[in-house]
Structures are given as structure tokens and as C-alpha cells.
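Each residue takes its place number in the sequence, starting with 1. Note: hydrogens, waters and symmetry copies are ignored here, and every other heavy atom, side chains too, is used.
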Amino acid sequence: MKTSILAAHAVDPTLQTFENDVWWITLIKLFGVFVLLLLLTLFTINYERKVVARMAVRPGPNQVGPKGWLQSLTDGVKLPFKEEIIPKTADKVVYFIAPVISATVAFTAFSVIPFGGVVNMFGHQTALQLTDVPVSVLVLLACSSMAVYGVVLAGWASGSTYPLLGGLRSSAQMISYEVAMGLSIVAVFMTAGSMSTSQIVAAQAHGNPVNLFGWEVTTPSWYAVLLLPSFVIYCIAAVGETNRAPFDLPEAESELVGGFHTEYSSFKFALFFLAEYINMITVSAFATTLFLGGWRAPWPITWFWEGANSGYFALIWFFAKVLLLLFGFIWLRATLPRMRYDQFMRFGWKVLIPVNLVWILFLSYVKVANNELSQQAKWFSIVGIVVVILLVAMLWPAARKPRQLSIEEELAARPPGSFPVPPMDLQVPPSPRARRAVAERAPATVGSPEENKEV
């Protein structure tokens with residue numbers, strides 16, 4: 001009877017659910033997450049190559065396996081057997097630890113991602129999630145913060161200039177956009193009232209009824225709609241956090257050869273490659289959990305199928321949303337050029353973070369107004385605040401560029417004793433020290449003197 005009820009209706013896990021798991025069930029889930037991430041990485045690499053090939057109107061991988069789908073597997077098998085070259089100036093210990101750190105934190109971050117509700121696994125009721133804690137979202141942020149150590153240490157331990165520059169770029173970029181990412185998640189905490197990933201998914205199960213000027217309106221349950229500014233900022237910050245195009249500045253081939261992993265080869269390079277794609281999958285799964293309802297099916301499906309969220313069906317909806325977000329990563333890479341580094345950093349600090357702070361303050365006022373003001377006063381005040389914000393944004397004085405001086409004005413403004421300036425007309429005058437004997441040349445004549453005589 002209990003099993004049939006679980007099959008008909010989705011059961012949200014609680015923190016107590018994970019405390020009741022037996023040890024071998026936990027081991028099975030741990031092994032399942034590990035294998036799942038490896039398979040997803042192989043799939044995502046081929047997925048990206050095929051989508052980019054389709055957008056570029058050219059054939060993608062099509063030689064190994066059915067329609068080329070085993071190409072990533074052969075590349076993954078080949079890398080560990082390639083020759084490994086370690087620079088003589090490298091710090092051997094740190095050189096080895098750096099890729100291990102990147103790969104380890106990438107796997108660890110997925111441990112608190114919920115794949116589904118409570119299911120029956122070998123006769124035991126357990127959640128489709130490895131574990132959950134009251135601050136699971138902070139665990140994910142901590143793992144993303146630790147990932148920068150692997151990149152910086154890899155650049156420093158290689159003993160080469162270009163990897164070091166790539167590592168420094170990466171540290172500045174990841175720290176900057178991690179601030180924007182963390183602020184975008186604050187709105188989710190405030191709305192859901194919890195930092196547990198499973199509880200955030202449960203909070204998006206049903207819409208909230210709102211009284212709008214006497215009309216009873218049900219707001220959307222997904223935070224991607226309810227907290228749209230936070231979702232947009234998170235997506236932008238996630239691309240910058242994972243060093244993906246157009247924000248792949250730590251690996252700018254045109255400037256830094258290959259970035260922080262230039263001196264890596266063989267299996268250690270494979271670990272960096274694995275960590276990059278797992279991070280893509282992690283931020284996509286994190287966005288699915290926080291903003292897209294997690295493992296729950298979208299509304300049209302749940303309307304005509306009551307058991308869509310029950311059992312292992314939840315895996316279908318979860319991975320469908322993840323693949324959709326991964327397609328966004330690939331789409332950006334195929335369409336947008338790489339940004340300039342100063343533009344990228346300016347956008348993070350001067351646009352994303354201020355917009356995030358204003359949005360959090362506005363959301364805080366809305367929560368206070370729900371408890372302190374009447375319905376009519378609340379909506380009038382909210383509309384007034386929105387109008388004021390829009391007016392300030394429209395009337396905010398733009399940064400005026402200084403007037404560009406002419407060449408004559410720039411030359412006149414130079415201090416005395418400055419270096420000589422070459423001529424602007426590209427005509428080099430003769431040196432006064434060089435004496436040249438210039439022979440006087442007679443005009444050229446053609447024909448006899450009688451023919452050239454003027455009449």
C-alpha cells in the first residue's frame with residue numbers, strides 16, 4: 001500500500017530522510033553520481049561538437065561509433081596513454097595536486113543536487129539525492145570557491161609566464177563573478193526561506209495566491225519567472241564562473257597560448273578538461289534546482305499526468321532542463337566573440353553587482369510590505385518604487401568622454417624635454433649632418449636638336 005501511494009504521488013525528501021539511509025544505499029548513490037557525471041561529460045563534449053557543427057553548417061564527429069557518438073569515449077581513453085611532459089622548472093608536488101583539486105571539487109559539488117523525490121530502492125525508501133544539509137547551497141558555493149585554487153596553483157606551479165598570467169586572470173574573473181552569483185541566490189533564500197536544496201525544490205511545487213486589487217491571482221511557482229532578475233544575473237555569472245565563451249579569458253588562445261594549463265598534458269590535462277565540463281553540468285543543475293523547479297515536471301505535463309513527478313520519472317524532467325541549459329552554453333560559444341578583459345571585469349563590478357543589490361533591497365521591501373501594509377497600500381508603494389527606479393536608471397548621467405584633442409593640440413600640450421615626435425605626414429626630412437652631393441641634371445631630350453627647337 002505504501003509503495004503504491006509513492007508511485008502515484010511525489011514525496012519530497014526531508015533532512016530526516018537522509019539520516020535514515022543505510023550505508024550501502026549511500027554507497028550505491030555515490031557510485032551512481034560518479035558514473036553519471038563521467039557519462040554526462042562524455043555526452044556533453046559530443047553534444048557541443050555536434051551542435052556547433054550544425055550551427056556552422058559543417059559535419060561534426062561522424063567516424064567513431066554510431067554517427068560519431070563514441071568519439072568522446074575514444075578521446076578520453078587516448079589521453080591517459082599519451083606522453084606526459086613536465087617542465088624542469090615546475091614544482092612537482094603542486095603541479096600534481098592542482099588538477100586533482102579542480103576535479104575533486106567538481107565532483108563534490110554534485111553531492112547536494114536533488115535528482116528526484118523519495119523512491120523505492122531495493123526495498124528501502126530513499127531520496128534521489130546523495131545528501132542534504134540545512135546549508136546545501138553554501139556547500140555548492142564553497143566548492144566553486146575552491147575550484148579557483150586548482151587553476152591558480154596550476155598556473156604558478158608550471159614555472160612558465162603564460163600559465164601564470166592565465167591563472168591570475170582566472171582568479172580575478174572567478175572571484176568577481178562569484179560575488180554576483182552569490183548575490184543572485186540571496187533572493188532565492190529570502191523567497192524559499194531555506195538553504196536546503198531539497199526544500200527549495202519543494203517551495204517551487206505550487207504557486208502562491210496573491211490578491212491583486214481584488215483579483216485572486218496565482219503567481220508562477222518557478223523562481224526563474226518570479227525572480228527573473230536573479231535568474232538572468234545567475235546565468236551570466238555562471239558563464240563567467242566556468243570560463244566559457246565569450247568569457248573564456250583565462251584560456252584566451254590568441255593571447256595566452258592555452259592559459260593556465262598550457263604546460264599540462266596526458267592525464268593531468270584530462271582532469272582539467274573533465275573539471276571544466278563537470279562545472280558546466282553543475283551550474284546547470286544548480287540553476288535547475290534553484291530557478292526551474294528542480295526535478296518536477298513543468299505545468300502542462302502535471303496538468304494531464306498526475307504521476308509525472310513520482311518515482312524515477314523525475315530524472316527525465318531534471319536532465320531535460322539541464323540539457324536545455326547546456327545548449328545555452330554551447331549556443332553562446334558558437335555565436336558570440338570573446339570580450340575584452342577590462343570590459344568583462346567592468347561589467348561584473350559596475351553592472352551586475354549594483355543591479356543585484358538594488359533588486360535584493362526591493363525584494364526585502366516587498367516582504368516587509370506583505371506583513372505591515374494593506375493590499376492597496378502595498379501595491380501602490382511597489383508601483384511607485386518601480387517608477388522611481390526606472391526614472392533614475394533613465395536619467396542617470398552617462399559618463400562623458402573627454403574631447404579628443406587634435407594632433408597640433410596634443411603636440412602643444414607636451415611638456416618641454418619630451419621625446420621627439422616623428423613627422424605626421426610620414427615624410428622624413430634629410431638629416432642636417434648628412435651632406436649629399438646632388439648633381440645638376442640636364443633636361444632629357446628626345447630627337448635631334450632641330451626637332452626639339454621651339455617655334
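In this structure, V283 and V239 have side chains that are not in contact, with every pair of non-hydrogen atoms separated by 4.5 Å or more. In this structure the side chain of K67 never reaches within 4.5 angstrom of the side chain of N62, judged on heavy atoms.
Residue pairs meeting the ring pair (Phe, Tyr, Trp, His ring centres under 6.0 Å) criterion with at least one partner in residues 41-62, sequence neighbours excluded, are F43-Y47, F43-W69. Counting only residues at least two apart or on different chains, the salt bridge (Lys or Arg N to Asp or Glu O under 4.0 Å) pairs with a member in residues 227-246 are E48-R244, R244-E276. Every pair tested for salt bridge (Lys or Arg N to Asp or Glu O under 4.0 Å) that includes a residue from residues 175-193 fails, sequence neighbours excluded, so the list is empty. Legend: salt bridge (Lys or Arg N to Asp or Glu O under 4.0 Å) pairs involving residues 27-40, not counting sequence neighbours, sorted by first then second residue: D21-K29.
Every residue two or more places apart in sequence or in another chain that forms a side-chain contact (heavy atoms from CB on, under 4.5 Å) with P134 is listed here: L15. In terms of the side chain to side chain donor-acceptor pair (under 3.5 Å) criterion, W156 has no residue partners (sequence neighbours excluded). The side chain to side chain donor-acceptor pair (under 3.5 Å) search around S364 returns none, not counting sequence neighbours. L357 is linked by a side-chain contact (heavy atoms from CB on, under 4.5 Å) to L183, I353, counting only residues two or more places apart in sequence or in another chain. Every residue meeting the side-chain contact (heavy atoms from CB on, under 4.5 Å) condition with W24, not counting sequence neighbours, appears here in chain and number order: V22, I28, F122, H124. Partners of Y341 according to the side-chain contact (heavy atoms from CB on, under 4.5 Å) rule, which considers only residues two or more places apart in sequence or in another chain, are R169, A172, L249, M345.
Of all heavy-atom pairs spanning I101 and G150, the tightest one is CG2-N, 4.0 Å. Smallest separation of non-hydrogen atoms from S158 and Y264: OG-CE1, 3.7 Å.
Side-chain contact, T17 with Q129: no donor N or O sits under 3.5 Å from an acceptor N or O. In summary, the side chains of S194 and S196 do not present any donor paired with an acceptor at a separation below 3.5 Å, with no hydrogens or angles considered.
In this structure, F291 has its ring center no closer than 6.0 Å to that of F286.
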Legend entry - S198 vs D132, side-chain hydrogen bond (donor to acceptor under 3.5 Å, both in side chains): CA-CA, chis, key distance, verdict: CA-CA 7 Å; S198 61; D132 194 13; 2.4 Å; yes

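Under the 30°/60° scheme for interplanar angles, the aromatic rings of F247 and Y177 are found to be tilted.
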With a 3.5 Å cut-off and sequence neighbours excluded, list the donor-acceptor pairs that the side chains of residues 320-330 form with protein atoms.
| from | atom 1 | to | atom 2 | distance (Å) |
| --- | --- | --- | --- | --- |
| K321 | NZ | L292 | O | 2.7 |
| K321 | NZ | G294 | O | 2.9 |
| K321 | NZ | R296 | O | 2.5 |

Show every donor-acceptor pair shorter than 3.5 Å between a side-chain atom in residues 381-390 and any protein atom, with sequence neighbours excluded, or say none if there are none.
| from | atom 1 | to | atom 2 | distance (Å) |
| --- | --- | --- | --- | --- |
| S381 | OG | Y365 | OH | 2.9 |
| S381 | OG | A377 | O | 3.0 |
| S381 | OG | K378 | O | 2.6 |

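Looking at N120, its side chain never comes within 3.5 Å of a backbone N or O of Q125 through a donor-acceptor pair.
The 12-atom threshold is not exceeded at CZ of F267, counting heavy atoms of other residues, nucleotides or ligands nearer than 6.0 Å. With a 6.0 Å radius and a threshold of 12 heavy atoms from other residues, nucleotides or ligands, F96 has its CZ atom at or below the threshold. Surrounding CD of E409 are more than 12 heavy atoms belonging to other residues, nucleotides or ligands, all under 6.0 Å away.
Note that CE of M195 and CD1 of I200 are 8.5 Å apart. Values are rounded to the nearest 0.5 Å.
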